[in-house]
2 protein chains.
Amino acid sequence: MMASVTNKTPATPRQAARRQAAVDRRLDTEFFKALADPTRARLLACLVKCGRPCSVTEVAACCDVDFSVVARHLGLLARAGVLEAEKKGRTVWYVARCAALSGRLRALADAIDEWCPSGGQGDRSGDRCGCDKGEC
Amino acid sequence: MMASVTNKTPATPRQAARRQAAVDRRLDTEFFKALADPTRARLLACLVKCGRPCSVTEVAACCDVDFSVVARHLGLLARAGVLEAEKKGRTVWYVARCAALSGRLRALADAIDEWCPSGGQGDRSGDRCGCDKGEC
DNA sequence: ATGATACTTGCATGATGGCGTCAGTAACCA
DNA sequence: TGGTTACTGACGCCATCATGCAAGTATCAT
């Protein structure tokens, strides 16, 4: 995952922004938005610690917000890839996708460490411009 | 970081929510809010890839938003611990705290993996109630 | 069929947040 | 001292979103 390559120091922020690197792809704001709400964080932690599929009704018992709010949050977390949903009959079973979640976090950490001065910096010659401005 | 312990399967989400574990502390919503905006993500990626302290003016040249917006975002990222700010004269130099950033991400990944079925589950007898409801 | 359970969806509301404009402050330069 | 540069802070506008309520749908039990 972390190739050993030559260090190439970027000159300016503009030139740095031009480079399309792993860190750009890994900084998925939709993913972070899903984790940026206190209620959702509580629900996610609950499901992670529970370690088994739970219904919306079960999870809602751990929260002071309305049932419909919990249902909406769980659906959002599932769409973000953080939870897995399976409908059986009239109940929906949600389970935390722990491996996928920690995998995404580690992938971003790796992508950042590639640029870290104390870490293994690399040759970015293969990276392409990620800037939306032509002259950048 | 990951102690080898006995597996204790939680019974219900309520009981799971009671347990105050590392994953609760690591799910810092303020931290994720800082990363949940596209403009901030772009600025952060720019600074990570640049690998050196940059002034607000420099970074603003990589973005289509107003200068004041960039200045606000950089200040927010610095307050979130993602950037480090140093004022010299009239210019503020921002640099990405890569090690701190990836460290936080890995710490959360570790905290999640502790509860992952395929990972090393553990004895949570030392964990305390994290629920805000008395009966929980 | 009747009722209960489990969830979804629409709507109103209040709060939060991103953005641009502009005025203000502080440091540097000539 | 006057002007420029670099940034900060105070608004106001607007979009998004979290929440609660209430109505609706689908499934299950009797």
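So you know, we letter chains A, B, ... as the sequences are listed, proteins then strands, and number each from 1. These numbers come from a predicted model, not from an experiment.
- Salt bridge status for A:Arg42 with A:Asp64: absent, with no side-chain N to carboxylate O gap under 4.0 Å.
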Between the protein and nucleotides 24-30 of chain C, which nitrogen or oxygen pairs are less than 3.5 angstrom apart?
from   : atom 1 : to      : atom 2 : distance (Å)
C:dA27 : N3     : B:Arg90 : NH1    : 3.3

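- Here B:Ser68 pairs with B:Asp66 under the side chain to side chain donor-acceptor pair (under 3.5 Å) rule; sequence neighbours left out.
- Close approach of DNA chain D to chain A, defined as any atom under 4.0 Å from a non-hydrogen atom of the protein, starts and stops at D:dA18 to D:dC28.
- Base engagement by B:Ser68 is indicated by at least one non-hydrogen atom pair under 4.0 Å involving a base atom.
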So which protein nitrogen or oxygen atoms get under 3.5 Å of nucleotides 16-19 of chain C's nitrogens or oxygens?
from   : atom 1 : to      : atom 2 : distance (Å)
C:dG18 : OP1    : B:Arg40 : NH1    : 2.9
C:dG18 : OP1    : B:Arg40 : NH2    : 2.5
C:dC19 : OP1    : B:Thr39 : OG1    : 2.8
C:dC19 : OP2    : B:His73 : NE2    : 2.5

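- Looking at A:Glu114, its side chain never comes within 3.5 Å of a backbone N or O of A:Ala111 through a donor-acceptor pair.
- Across the protein-nucleic acid pair, A:Trp93 atom CH2 and C:dT5 atom P stand 16 Å apart, rounded to whole Å.
- The side-chain contact (heavy atoms from CB on, under 4.5 Å) check on B:Thr39 picks up B:Asp37, B:Leu43, B:Cys63, B:Val65, B:His73, with sequence neighbours excluded.
- Every side chain to side chain donor-acceptor pair (under 3.5 Å) that A:Thr91 has, sequence neighbours left out, goes to A:Trp93.
- Within the 4.5 Å cutoff, the side chain of A:Leu44 has no heavy atoms near those of the A:Tyr94 side chain.
- Proximity of a side-chain donor or acceptor of B:Arg25 to a complementary backbone N or O of B:Gln20 within less than 3.5 Å is not detected.
- Considering only residues two or more places apart in sequence or on other chains, B:Ala99 meets the side-chain contact (heavy atoms from CB on, under 4.5 Å) condition with A:Cys116.
- Counting only residues at least two apart or on different chains, the salt bridge (charged side-chain N to carboxylate O under 4.0 Å, His left out) pairs with a member in residues 76-105 of chain B are B:Asp28-B:Arg104.
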Determine, stepwise, if the pair B:Val56 / B:Phe67 fulfils side-chain contact (heavy atoms from CB on, under 4.5 Å).
-> CA-CA 8 Å; B:Val56 180; B:Phe67 174 86; 3.5 Å; yes
